[in-house]
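First up is the structure itself, then whatever we jot down about it.
The chain is numbered in sequence order, starting from 1.
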Amino acid sequence: MKKKILAMFSVAMLAVGMFSTSALASTTKNWTVNYAPGAPSGSANPVQYVYFTNVETEFSAGCNTFSGPSGKKVTITADVGLSRSVTFGYAGDSYSFSSNANSGKINFKVALSASSNSSATGYITAKS
């Protein structure tokens with residue numbers, strides 16, 4: 001009887017350990033950018049910086065919401081080389097890309113380009 005209980009406990013602990021490991025396998029950070037022509041500094045923020053440390057070099061990014069007239073776009077660049085240009089023109093866009101961030105740190109710049117009131121939200125996920 002004790003062996004059965006010990007075996008069931010061991011299986012349960014293994015399952016919890018496997019779940020915890022996969023839950024921590026990626027880190028997601030959200031971004032929000034907006035533009036308003038003539039707005040005072042600080043009230044409209046067309047640029048946001050997103051930082052990752054101790055990450056792998058595989059990433060995905062997506063645009064959750066996008067408002068404003070046509071012609072707007074959000075571009076993500078980084079302080080180390082990306083495998084592709086990441087530019088969003090619509091909500092729902094998403095991309096996978098990699099970086100040669102061999103130091104374990106990467107700094108992304110998320111910038112909104114628009115000619116009139118616009119805003120966008122999205123995310124960047126570091127995959128490990």
Specify the closest pair of heavy atoms between Ser118 and Gly68, including all atoms of both residues, with the distance to one decimal. OG-CA, 3.9 Å
Might you work through the side-chain contact (heavy atoms from CB on, under 4.5 Å) test for Arg84 and Ser96, ending with a clear yes or no? CA-CA 9 Å; Arg84 64 179 294 165; Ser96 292; over 6 Å; no
Nearest 0.5 Å, what's the NZ-OG1 distance between Lys109 and Thr77? 6.0 Å
For the residue pair Val33 and Val74, establish whether any side-chain heavy-atom pair is separated by less than 4.5 Å. yes
Rounded to the nearest 0.5 Å, what separates atom CD in Gln48 from atom CH2 in Trp31? 9.0 Å
Any chance you could measure Tyr35, atom OH, to Ser113, atom OG, to the nearest 0.5 Å? 10.0 Å
Closest non-hydrogen contact found for Ala111 with Val47 is CB-CG2, 4.2 Å
List for me each residue that meets side chain to side chain contact (heavy atoms under 4.5 Å, CB included) alongside Thr28, sequence neighbours excluded, and say none if there are none. Asn30, Tyr123, Thr125
What's the shortest heavy-atom distance between Gly89 and Asp93, and which atoms? N-OD2, 3.2 Å
Within the structure provided, determine whether Ser99 and Val80 are in side-chain contact (heavy-atom separation under 4.5 Å). yes
Applying ring-ring contact (aromatic ring centres under 6.0 Å, His included), can you list everything that pairs with Tyr51, at least two apart in sequence or on another chain? none
Ser98: partners by side-chain hydrogen bond (donor to acceptor under 3.5 Å, both in side chains), with sequence neighbours left out: Ser83
Residues 60-74 vs side chain to side chain donor-acceptor pair (under 3.5 Å), sequence neighbours excluded, gives Thr65-Thr121, Ser67-Ser119
Between Phe59 and Tyr95, does the ring centroid distance fall short of 6.0 Å? no
side-chain contact (heavy atoms from CB on, under 4.5 Å) partner of Val50, the single match among Ile106, Ile76, Ile124: Ile124
Is any side-chain heavy atom of Phe52 closer than 4.5 Å to one of Phe108? yes
Residues in side-chain hydrogen bond (donor to acceptor under 3.5 Å, both in side chains) contact with Asp79, at least two apart in sequence or another chain: Asn107
I'd like to check the side chain to side chain contact (heavy atoms under 4.5 Å, CB included) partners of Ala91; sequence neighbours left out, ordered by chain and number. Phe66
When you compare the side chain of Cys63 with that of Ser94, does any pair of heavy atoms fall below 4.5 Å? no
